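Note that this is a predicted model, so its numbers are computed, not measured.
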Amino acid sequence: MSGWQPTTEGDGDERDAMLKKAIEQASGGQTQDAARTLQTLIGEGGDGFASRMMLAKLLLDGPNPTAAARHLEAARGHHSEAIEPLVLLANLARTSGQVTEEKAHLTAALAIDGDSLEPAARLLMLAIVTGDAAAQSVAQARVRGIAPLHPMSLAAEALAMAPRKAERAMATKRLRRALRNLQPGVGPVDTFVVAALAAQALGQADDAKTLAAAARKDPKLPKVALDRLRSIGG
């Protein structure tokens with residue numbers, strides 16, 4: 001890790017005092033003041049992972065969240081093994097509809113942390129709806145390795161097996177098991193997309209419509225996913 005780091009023992013110096021002030025301001029709802037304090041800190045020798053991440057999170061909650069991107073990238077430069085900046089960058093990319101960028105950030109996150117389900121599951125959905133076979137192979141293997149009985153893993157397997165007549169019965173069992181723990185309005189929207197496509201592929205029209213409707217309720221659902229769901233109707 002590079003850059004300035006807060007002192008963990010003792011009172012530290014004026015930079016530690018400035019970070020403490022920013023934390024107190026943010027806790028008191030003075031987010032703009034806290035952001036200004038952090039910008040001053042960064043410009044006066046306090047440029048590091050902690051200060052950049054805190055400023056980025058404040059900006060993400062503000063009126064112009066895209067302003068957080070450069071601070072998240074800077075945070076990555078200070079701590080190349082941290083997954084959090086990449087996940088937040090992926091969130092920004094999804095909000096702005098930048099699917100290629102979202103996939104790139106999620107792929108980078110997976111290269112760092114092989115045990116986190118969220119980036120793998122999100123990448124799997126995006127790979128499926130964009131027809132990215134290479135990314136789908138990587139993401140599906142990772143999801144299966146982390147949580148083989150997660151609805152995303154089961155639904156993706158069902159979707160992959162559906163075209164093969166000899167495996168359709170097994171695919172149906174996979175999807176049934178996935179749906180046991182997947183209810184409309186609950187869970188990550190990415191899983192609903194994949195489950196809806198699996199249900200459609202297996203000829204389960206009612207389930208497909210219900211799942212697609214649940215997915216569409218998320219205003220951040222990527223257009224490419226909405227386009228894939230359009231054929232389901234409902």
Side-chain angles (χ1 to χ4, degrees), residues 1-28 30-127 134-135 138-139 141-143 145-147 188 190 220 222:
M1 184 181 291
S2 65
W4 175 74
Q5 299 177 45
T7 300
T8 56
E9 297 181 2
D11 296 330
D13 56 23
E14 64 276 4
R15 295 172 296 182
D16 294 278
M18 205 175 300
L19 179 61
K20 181 179 178 181
K21 178 182 177 182
I23 293 171
E24 291 173 349
Q25 289 172 325
S27 298
Q30 300 170 289
T31 55
Q32 291 185 347
D33 289 338
R36 283 192 286 268
T37 299
L38 289 166
Q39 288 167 346
T40 300
L41 170 61
I42 290 168
E44 296 183 0
D47 189 355
F49 183 79
S51 52
R52 289 285 188 172
M53 284 300 295
M54 183 177 177
L55 178 54
K57 289 177 180 179
L58 289 174
L59 293 172
L60 285 171
D61 291 332
N64 183 26
T66 57
R70 69 185 184 92
H71 297 292
L72 291 170
E73 292 287 5
R76 283 190 66 199
H78 289 303
H79 190 356
S80 60
E81 297 302 309
I83 189 175
E84 187 179 16
L86 287 164
V87 172
L88 293 178
L89 283 165
N91 292 347
L92 268 178
R94 173 161 295 198
T95 301
S96 58
Q98 303 296 319
V99 175
T100 300
E101 288 185 14
E102 183 180 357
K103 286 165 62 177
H105 293 313
L106 294 171
T107 300
L110 287 182
I112 295 171
D113 186 349
D115 297 323
S116 293
L117 178 63
E118 181 189 353
R122 287 174 58 178
L123 180 61
L124 178 54
M125 186 277 282
L126 291 173
V138 171
R142 192 66 61 87
V143 170
I146 297 169
D190 305 69
K220 295 180 181 178

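- Listed here is the closest heavy atom pair of Ala35 and Leu58: N-CD1, 3.9 Å.
- Here the CD atom belonging to Gln98 is positioned 11.0 Å from the OG1 atom belonging to Thr66, to the nearest 0.5 angstrom.
- The heavy-atom pair separating Leu59 from Ala68 by the smallest distance is CB-CB, 3.9 Å.
- A donor-acceptor pair shorter than 3.5 Å cannot be found between the side chains of Thr31 and Asp33.
- Of the charged side-chain nitrogens involved, at least one lies within less than 4.0 Å of a carboxylate oxygen, so that Lys57 and Glu84 count as a salt-bridged pair.
- Pro85 and Met53 get closest at one heavy-atom pair: CG-SD, 3.7 Å.
- Separation of atoms CG (Leu89) and CZ (Arg76) is listed at 7.0 Å; rounding is to 0.5 Å.
- Distance check, rounded to the nearest 0.5 Å: CD of Gln39 to CD of Glu44 gives 12.0 Å.
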Report task. Might you work through the side-chain contact (heavy atoms from CB on, under 4.5 Å) test for Ile42 and Leu55, ending with a clear yes or no? Result -> CA-CA 10 Å; Ile42 290 168; Leu55 178 54; 3.8 Å; yes

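- Once rounded to the nearest 0.5 Å, the distance linking CG of Leu92 with CD of Glu102 reads 10.5 Å.
- Across all non-hydrogen atoms, the minimal contact from Ile83 to Pro119 is CD1-CG, 4.1 Å.
- Going from atom OG1 of Thr37 over to atom NZ of Lys21 covers 4.5 Å, rounded to the nearest 0.5 Å.
- One finds no salt bridge joining Asp11 and Lys20 here, because no Lys/Arg side-chain nitrogen approaches an Asp/Glu carboxylate oxygen to under 4.0 Å.
- Taking CG of Asn91 as the reference point, atom CZ of Arg122 lies at 4.5 Å (rounded to 0.5 Å).
- Environment of CD in Gln32: sparse, with no more than 12 heavy atoms of neighbouring residues, nucleotides or ligands closer than 6.0 Å.
- Taking each heavy atom of Leu123 and Leu110 in turn, the nearest pair found is CD2-CD1, 3.6 Å.
- Smallest separation of non-hydrogen atoms from Ser51 and Leu41: CB-CD2, 3.9 Å.
- Outside the 6.0 Å centre-distance limit, the rings of His78 and Phe49 are not counted as a close aromatic pair.
- Asp61 pairs by the salt bridge (Lys or Arg N to Asp or Glu O under 4.0 Å) definition with nothing, not counting sequence neighbours.
- In summary, Arg52 and Glu73 do not engage in a salt bridge, as defined by a charged side-chain N under 4.0 Å from a carboxylate O.
- Taking Thr95 as the reference, Lys220 meet the side chain to side chain contact (heavy atoms under 4.5 Å, CB included) condition, with sequence neighbours excluded.
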**Report entry** Criterion salt bridge (Lys or Arg N to Asp or Glu O under 4.0 Å) on Arg94 and Asp190, from CA distance to verdict
**Finding:** CA-CA 12 Å; Arg94 173 161 295 198; Asp190 305 69; 2.8 Å; yes

